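What follows is a set of notes on a single structure, which appears directly below.
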Amino acid sequence: MSFTLLLCADDNNAVDITQLVSAVTWGGRKGSAARSLTAKICDDGKKHARVQIGITDGYRVIFNEGGRERFRGLIMKVTQDSSKALSFTAYDMGIYLANNQDTFCYTGKTADEIFTDVCKRFWVPIGTVAKCGYKIPELTKSSTTAYDVLCDALSLEFNSTGIRHYISASDGKLSLLTRRDNILQWVIESGQNLKSYTYSQSIESIKTRVNLLSDEQTVAAEAADSALEAKIGLFKQVDKADETYNAAQLKLLVDSMLEEASAPARTLSLEAVGISDIISGMAVTVIIKHLDISRTFYVDEDQHIFDGGDKHRMSLKLNYARDIRKPVINAAASGSKEGGSVYFRGGYYYVSANSTTPITRANAGPAKIVKVSEGALHPYYLQHTDQTSVVYGWVDAGTFG
């Protein structure tokens, strides 16, 4: 076997059951709080030792592969059948986020501060915690799961900064990590380690027009892709306008919403030779020459199957990694001066240098500094230089490089 599986009754008692194992399936997916591991073992009591697992006795399992611990979790389901086989399913520390409920109320806290508080509240050991830059004005959730409130906090962080974070379990601890900081060196390539793939593009949910309605149900702002409508017809999305926004702010907001809504959905599912480092939340480079694809993808779902001795295969579901960009020019070289070329990291921008209400959030992308207002709340006026970002307004210091 290329892996070992340890059954632990407590911290001081671990039994190696690797030789009893016929198959292990280990995986996770976006939107799920915990990764899981299912093992099938022989249990005839004769040729193979009988394994007794009390489902409420707190048994844990540790899965090691490639010289590293890949999974540690609590056994929560045991199944035995007439073939004299036993299988069990364990979940990592994320299960404590999914299975604990409470009422949460936070004011002026960052997502990493909320993460730390939630873990401490439910006795979850804490690993690495990435710093988040946005102080959430208010986040209140009544009688909901710990995972739900963390998902809301991370969504608000992304909406403000354009930076994605994710929760990961390792060595019996939960960590909060920055997604784009965890790009792997691994490459999946056709003709090499890629076995099969399915790539699809869909406009089933596409919108060619977005309307924002006032409280009186009149159109406060509208954006339309007339060229796209001429090709495929009208598909409209309607949302409520924020009454605190002025006309200019609403226009920029609706343009940003249309830019995202008018893009086709793209999904890639593949089967490949197993690489244990590639799990959901991480990023990987995929090269498929036939489709002219060579880019970074995020892993939304992974399943690793170990069977037949040293065989290891994996199934992945991927999505485009849109927030991973390289700066076109370093700000230290150009300086933060009018006319300087910079790379906007993503986040809110404002209609004036001292405005307290943002227009909307823009994705990361190259831009130029149009004006500088020293001492202002938002001292730099940026204008995007291609269609990667729609930033066109006043931004805070430190939002570009």
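Index from 1, following the sequence. In this text the structure is predicted, and so the values were computed from the model without any measurement.
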Rounded to the nearest 0.5 Å, what's the gap from CE on M282 to CG on L177? Could you check?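 Taking CE in M282 and CG in L177, the distance rounds to 8.0 Å.
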
Any sub-3.5 Å donor-acceptor pair from [X]'s side-chain atoms to [Y]'s backbone N or O?
X: S32; Y: R29; value: no
X: R179; Y: I163; value: no
X: E157; Y: Y134; value: yes
X: D302; Y: S280; value: yes
X: T103; Y: S143; value: yes
X: T18; Y: L5; value: yes

More than 12 heavy atoms of other groups within 6.0 Å of K251 NZ: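 Above 12, so yes.
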
Evaluation steps, side chain to side chain contact (heavy atoms under 4.5 Å, CB included), between L86 and Q80: CA-CA 5 Å; L86 179 148; Q80 293 173 282; 3.6 Å; yes

Which heavy atom in R209 sits nearest to a heavy atom in L258, and how many Å separate them?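 Shortest heavy-atom separation between R209 and L258 comes out as N-CD1, 3.8 Å.
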
Could you tell me how the ring of F3 sits relative to the ring of F306: parallel (under 30°), tilted (30 to 60°) or perpendicular (over 60°)?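 It falls in the perpendicular class, over 60°.
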
Should the pair Y381 and Y392 be assigned to parallel (<30°), tilted (30 to 60°) or perpendicular (>60°) ring geometry?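 Ring orientation, 0 to 90° scale: perpendicular.
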
Check ion pair [X]-[Y] (N to O, under 4.0 angstrom):
X: R70; Y: D277; answer: yes
X: D215; Y: K240; answer: yes
X: R313; Y: D307; answer: yes

Should Y349 and L382 be marked as a side chain to side chain contact (heavy atoms under 4.5 Å, CB included) after you check the CA-CA gap, both sets of side-chain angles, and the distance that decides it? CA-CA 9 Å; Y349 59 101; L382 298 189; over 6 Å; no

With a 3.5 Å cut-off and no angle check, do the side chains of T25 and T38 form a donor-acceptor pair?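 No, T38 and T25 have no side-chain donor paired with an acceptor closer than 3.5 Å.
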
Quick check on side chain to side chain contact (heavy atoms under 4.5 Å, CB included): which of Y96, Y106, Y147 does V118 satisfy it with?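 Passing option: Y106.
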
